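Quantities reported herein were computed from a predicted structural model and do not represent experimental measurements. Basis for what follows: all heavy atoms, side chains included, without hydrogens, waters or symmetry-related copies.
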Amino acid sequence: QVQPVESGGGLVQTGGSLRLACAASGGTFSGYTMGWFRQAPGKEREFVAAVLWSGGRTNLADSVKGRFSISRDNTKNTVFLQMNSLKPEDTAVYYCAADRSYFRTSNDARDYDYWGQGTQVTVSS
């Protein structure tokens, strides 16, 4: 099984950028769809982005389209979330997750099998 570990979170001003990384150890990284979810205080966990095992297809939440992008490097067992034009409402703990399915880029957290511990992103106004 793969174990995701997130990094790259921090404090940034409105309009700024951050790049999150998720390194996965154990298992065959290239066999998993990888996704990013986030959870703000008092809110449910929500889908942000997903990328197919090959990197050939991505899925982005409407709230981040045009601002965020997801990519992966299977040679480094790492998936990235590039976040631009950040807003205060993007403040949340961001989680990386792995889906054993190789044919979907699901936005449903229940489809993901392995989860990281999360990294905090705070956007100040």
Verify the cluster assignment for [X] and [Y]: are they in a single hydrophobic cluster under the rule of side-chain heavy atoms below 4.5 Å apart?
X      : Y      : value
Val93  : Leu18  : no
Leu86  : Phe80  : no
Val12  : Tyr94  : yes
Val2   : Trp115 : no
Tyr112 : Val51  : no

inquiry  = Holding to side-chain hydrogen bond (donor to acceptor under 3.5 Å, both in side chains), I want the full list of residues that pass it with Lys65, two or more places apart in sequence or in another chain.
reply    =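 Residues passing side-chain hydrogen bond (donor to acceptor under 3.5 Å, both in side chains) with Lys65: Asp62.
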message = Just to verify, what does Arg57 make a side-chain contact (heavy atoms from CB on, under 4.5 Å) with, not counting sequence neighbours?
response =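 If we apply the side-chain contact (heavy atoms from CB on, under 4.5 Å) test to Arg57, skipping adjacent residues, the hits are Leu52, Thr105.
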task = Could you pull out all residues at least two apart from Ser69 that satisfy side-chain contact (heavy atoms from CB on, under 4.5 Å)?
result =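 Ser69 satisfies side-chain contact (heavy atoms from CB on, under 4.5 Å) with Gln82 once adjacent residues are dropped.
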Pairwise distance [atom1]([X]) to [atom2]([Y]) - rounded to 0.5 angstrom:
X      : Y      : atom1 : atom2 : answer
Phe68  : Leu81  : CZ    : CG    : 6.0 Å
Asn107 : Glu46  : CG    : CD    : 11.0 Å
Gln13  : Ser124 : CD    : OG    : 5.0 Å

Quick one: does [X]'s side chain get under 4.5 Å of [Y]'s, heavy atoms only?
X      : Y      : answer
Val5   : Gln117 : no
Arg38  : Ser63  : yes
Arg67  : Lys87  : yes
Val121 : Leu20  : yes

key: disulfide bond (SG atoms under 2.5 Å apart): pairs with one or both residues in residues 11-122, sequence neighbours excluded   =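 As it turns out, the disulfide bond (SG atoms under 2.5 Å apart) pairs with a partner in residues 11-122, which skip direct neighbours, are Cys22-Cys96.
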ask   = Under the side-chain hydrogen bond (donor to acceptor under 3.5 Å, both in side chains) rule, what pairs show up with a residue in residues 28-37, not counting sequence neighbours?
value =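 Passing the test, one end in residues 28-37: no pairs.
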ask   = Taking the six-membered ring of Tyr95 as reference, does the NZ or CZ atom of Arg45 fall below 6.0 Å from its centre and within a 45° cone about the axis?
value =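 Yes - Arg45 lies over the ring of Tyr95, closer than 6.0 Å to its centre and within 45° of its axis.
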task = For the residue pair Glu89 and Thr91, confirm or rule out a side-chain donor-acceptor distance under 3.5 Å.
result =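 No - no donor-acceptor pair under 3.5 Å links their side chains.
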query = Under 3.5 Å, is there a donor-acceptor pair linking the side chains of Asp73 and Thr78?
reply =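 There is no such pair between these side chains.
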Quick one: does any side-chain atom of [X] pair with a main-chain N or O of [Y] as donor and acceptor, under 3.5 Å?
X      : Y      : result
Thr119 : Glu6   : no
Asp113 : Arg100 : yes
Arg72  : Phe29  : yes

ask   = Any ring-ring contact (aromatic ring centres under 6.0 Å, His included) pairs touching residues 42-62, not counting sequence neighbours?
value =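 Sorted result for residues 42-62: Phe37-Phe47.
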task = Work out which heavy atom in Ser125 is nearest to a heavy atom in Pro88; give both atom names and the distance.
result =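 Nearest pair, atom of Ser125 first, then Pro88: CB-CG, 3.9 Å.
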